[in-house]
S.K.: 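Quick one: the structure is below, questions incoming.
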Amino acid sequence: MKKIVIIGGGAGGLQLATSLGRHFSFRRFGRRNKSPAAQITLVDKNRTHIWKPLLHQVATGALDSSLDALNYQVHGRAHGYQFELGSLKSLDRKNKTVELAEVHNADGAPLVPARKLDYDYLIIALGSQSNDFHTPGVRKHCQFLDSAEQAQKFHSRLLDQFLLLDSQVVKSVHIAIVGGGATGVELAAELVDSVQEMGHYSRIKNGDLKVTLIEAGPHLLPALPPRLGNSSEKELTKIGVRVLTNTQVAEATSSGFVTKDEDEIPAVMRVWAAGVKAPDFLQQLDELKLNRQNQIEVEATLRSVTDPAIFALGDCAGCIDGHGVKVPPRAQSAQQMSKTLSENLIRLVEAEASSDTGSEQATLQPFVYKDRGSLVSLSKFDAVGNLMGGLVKGSLTIEGRLAGVAYRSLYRMHLAAIHGWPKAMLLYIIGQANRFVSPRLKMH
């Protein structure tokens, strides 16, 4: 039995584990396979999964992660893969083992000792982290939204600021966000919405929270056409967000940001969302070849150029696809990669099971990235984006209600990939019911 180990339970890693688990662990009509050709193990440092594009909603309290999170262990049992709690400590390519670091409890006491896992195929799907571009003070004075833990920490601090406003200890709270991409734009809009929701239960008024969005480029949403970035800026300005474009941050301090023009932007809470890079930790992984963005260099088949037993997908994979396109670090890229990699791993395992030299005979298919467009939510106020492929020839720019419906459908498609459509729709209905009977904003 082949051992496939997947490091990272983000959108791509979880979808891959789910697909492989279903294929190898179940026969027709849902019966368990007593002698599967492969054992699938998913490793993640967290017990639960939250879709990363929703972290800005967790940060503001618009989404309750305790209700929407997926438990890896429970999900793995239902979908045919094993789950190991832990983070990758080291890689031994010669002996085909990975070492997982010791797990500690909330008090810092040892919980699970360090352990080693054997693998025949290793898939690294560690995602990305915020790129501070070596800007002084950012790591010390700014908050990031790379994980559910960071988003929850932001939410806790935001509630503290709301308490100060409600108690009239302070008259206003300034929050500054660096980065006018999707995360920065969506967070700014959600923050304004959160103040309006808080106003239903407290003495906080619209305008008590001052939000500043800072973008180094000429317009917001640089990955989208300029018209959509300008439209987003107009909408954000209308709801009270201060938008600064063509503004480069030179330093972060305990009281705000300093621009390259030496202007000071005061902020009691400072968020850095100005770009991403693959984790620095990848540089320590047994001489795997990386590119300048720390990404693992892979062939179009997503196989590492360094080691044929190692694959990478998602934000940590530096991939030029089968059509010569540089694959961008986006959620849709990771989800598309997981589908291709699932098919290739199934080919490898089944070819080896049928022949002693099957690994050389198996033909791996190159990954081809299909840009489906981009959608950005401005909370309840608006949504913008462009759709590509499928029923749309070329590119279709959409805004308003249609864009909002399309944006919400992205999460339902993610749920369908990891649960199947029947359960995904049931979860959606339950989620809507919870939102009907519960406050729109999580205030604890």
Side-chain angles (χ1 to χ4, degrees), residues 55-63 135 137-138 140-145 150-181 183-216 220 232-274 377-382 439-444:
L55 288 181
H56 68 282
Q57 294 186 18
V58 176
T60 60
L63 181 73
T135 306
V138 169
K140 181 178 181 180
H141 298 297
C142 293
Q143 293 178 259
F144 305 92
L145 295 182
Q150 291 177 347
Q152 289 161 357
K153 184 179 294 186
F154 178 93
H155 179 237
S156 178
R157 293 179 178 176
L158 179 64
L159 291 179
D160 289 344
Q161 297 302 320
F162 282 153
L163 180 59
L164 292 174
L165 284 172
D166 188 43
S167 303
Q168 299 182 337
V169 175
V170 298
K171 294 184 178 180
S172 63
V173 169
H174 292 255
I175 299 179
I177 306 164
V178 177
T183 298
V185 169
E186 291 178 335
L187 178 61
E190 287 287 352
L191 285 169
V192 174
D193 185 30
S194 69
V195 173
Q196 295 184 4
E197 288 298 319
M198 284 296 296
H200 297 312
Y201 312 103
S202 67
R203 289 171 288 188
I204 297 174
K205 304 183 298 296
N206 293 348
D208 286 350
L209 188 69
K210 314 287 185 182
V211 181
T212 301
L213 181 59
I214 307 165
E215 166 58 35
L220 299 180
S232 298
E233 179 177 349
K234 182 178 179 181
E235 188 63 37
L236 288 174
T237 302
K238 186 192 305 182
I239 63 177
V241 177
R242 179 190 180 200
V243 179
L244 302 176
T245 54
N246 291 309
T247 304
Q248 296 187 21
V249 171
E251 182 184 4
T253 69
S254 60
S255 59
F257 292 107
V258 179
T259 72
K260 287 198 171 181
D261 295 330
E262 299 185 351
D263 294 327
E264 294 187 9
I265 302 172
V268 68
M269 294 180 67
R270 300 157 297 281
V271 183
W272 189 269
S377 170
L378 301 180
S379 189
K380 67 180 181 182
F381 306 106
D382 200 0
R440 275 200 73 242
L441 195 70
K442 182 184 177 185
M443 296 184 290
H444 60 278

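On a predicted model such as this, the values are computed, not experimentally measured, just so you know.
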S.K.: Taking all non-hydrogen atoms of both residues, which atom of Val195 and which atom of Lys205 are closest, and how far apart?
M.R.: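 What the structure gives for the nearest pair is CG1-O, 3.5 Å.
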S.K.: Heavy atoms only: give me the nearest Ile214-Thr247 pair and the separation to one decimal.
M.R.: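 Result for this residue pair: CG2-O, 3.6 Å.
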S.K.: Locate the shortest heavy-atom distance separating Glu190 from Ala62; write the atom from each residue and the value.
M.R.: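 So the minimum-distance heavy-atom pair works out to OE1-CB, 3.6 Å.
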S.K.: To the nearest 0.5 angstrom, please state how far the NE2 atom of His141 sits from the CH2 atom of Trp272.
M.R.: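 Output value for this atom pair is 13.0 Å.
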S.K.: State, to 0.1 Å, how close Ser172 and Lys210 come at their nearest heavy-atom pair, and which atoms those are.
M.R.: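 The pair with the smallest heavy-atom distance is CB-CE, 4.1 Å.
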S.K.: Please name the pair of heavy atoms, one in Asn206 and one in Gln196, separated by the smallest distance, quoted to 0.1 Å.
M.R.: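 Closest heavy-atom pair between Asn206 and Gln196: OD1-CG, 3.3 Å.
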S.K.: Provide the closest heavy-atom pair for Ala273 versus Gly184 in the form atom of the first, atom of the second, distance.
M.R.: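 Looks like CB-N, 4.3 Å.
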S.K.: Could you tell me if the side chain of Phe257 sits less than 4.5 Å from the side chain of Pro266, heavy atoms only?
M.R.: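 Side chain of Pro266 against side chain of Phe257, heavy atoms only: no contact under 4.5 Å found.
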S.K.: Quick check for you: to the nearest 0.5 Å, what is the distance between Lys153 atom NZ and Leu145 atom CG?
M.R.: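 One finds 12.0 Å between NZ of Lys153 and CG of Leu145.
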S.K.: I'd like to know if the side chain of Ser167 reaches the main chain of Val169, judged simply by a donor and an acceptor atom lying under 3.5 Å from each other, with no hydrogens or angles considered.
M.R.: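 Side chain of Ser167 to backbone of Val169, a donor-acceptor pair under 3.5 Å: no, none is there.
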S.K.: For the CD1 atom of Ile265 and the OG atom of Ser255, what is their distance to the nearest 0.5 Å?
M.R.: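 One finds 11.5 Å between CD1 of Ile265 and OG of Ser255.
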S.K.: Rounded to the nearest 0.5 Å, how far apart are CD of Glu233 and CD of Glu215?
M.R.: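 Nearest 0.5 Å value for the CD-CD distance: 10.0 Å.
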S.K.: Taking Arg203 for its side chain and Asp166 for its backbone only, find out whether a donor-acceptor pair lies under 3.5 Å.
M.R.: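 Judged by distance alone, yes, a pair lies under 3.5 Å.
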S.K.: With the side chain counted from C-beta on, respond yes when Leu158 and Leu191 share a heavy-atom pair under 4.5 Å apart, and no when they do not.
M.R.: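 Side-chain contact under 4.5 Å: yes.
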S.K.: Ignoring hydrogens and angles, tell me if any N or O in the side chain of Thr253 forms a donor-acceptor pair with the backbone of Gly256 under 3.5 Å.
M.R.: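 Checking the backbone N and O of Gly256 against the side chain of Thr253, a donor-acceptor pair under 3.5 Å is found.
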S.K.: Keeping Arg242 on the side-chain end and Gly240 on the backbone end, is there a donor-acceptor pair under 3.5 Å?
M.R.: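 No, Arg242 side chain to Gly240 backbone: no donor-acceptor pair under 3.5 Å.
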S.K.: Is a side-chain donor or acceptor of Glu186 paired with a backbone partner of Ser377 at a separation under 3.5 angstrom?
M.R.: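 Checked: pair present.
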S.K.: Indicate yes or no: at least one non-hydrogen side-chain atom of Leu165 is less than 4.5 angstrom from one of Val173.
M.R.: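 Counting from C-beta outward, Leu165 and Val173 do come under 4.5 Å.
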S.K.: Between atom CG of Asp208 and atom CD of Gln168, what is the distance when rounded to the nearest 0.5 Å?
M.R.: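 With rounding to 0.5 Å, CG (Asp208) is 9.5 Å from CD (Gln168).
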S.K.: State the CG-CD1 distance between Leu244 and Ile177, to the nearest 0.5 angstrom.
M.R.: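 So the gap between those two atoms works out to 11.5 Å.
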S.K.: With side chains defined as the heavy atoms from C-beta onward, is the minimum distance between Phe144 and Thr183 less than 4.5 Å?
M.R.: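 Sidechains of Thr183 and Phe144: no contact.
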S.K.: Check whether any side-chain heavy atom of Val243 lies under 4.5 Å from a side-chain heavy atom of Leu220, and answer yes or no.
M.R.: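 Val243 vs Leu220: side chains touch.
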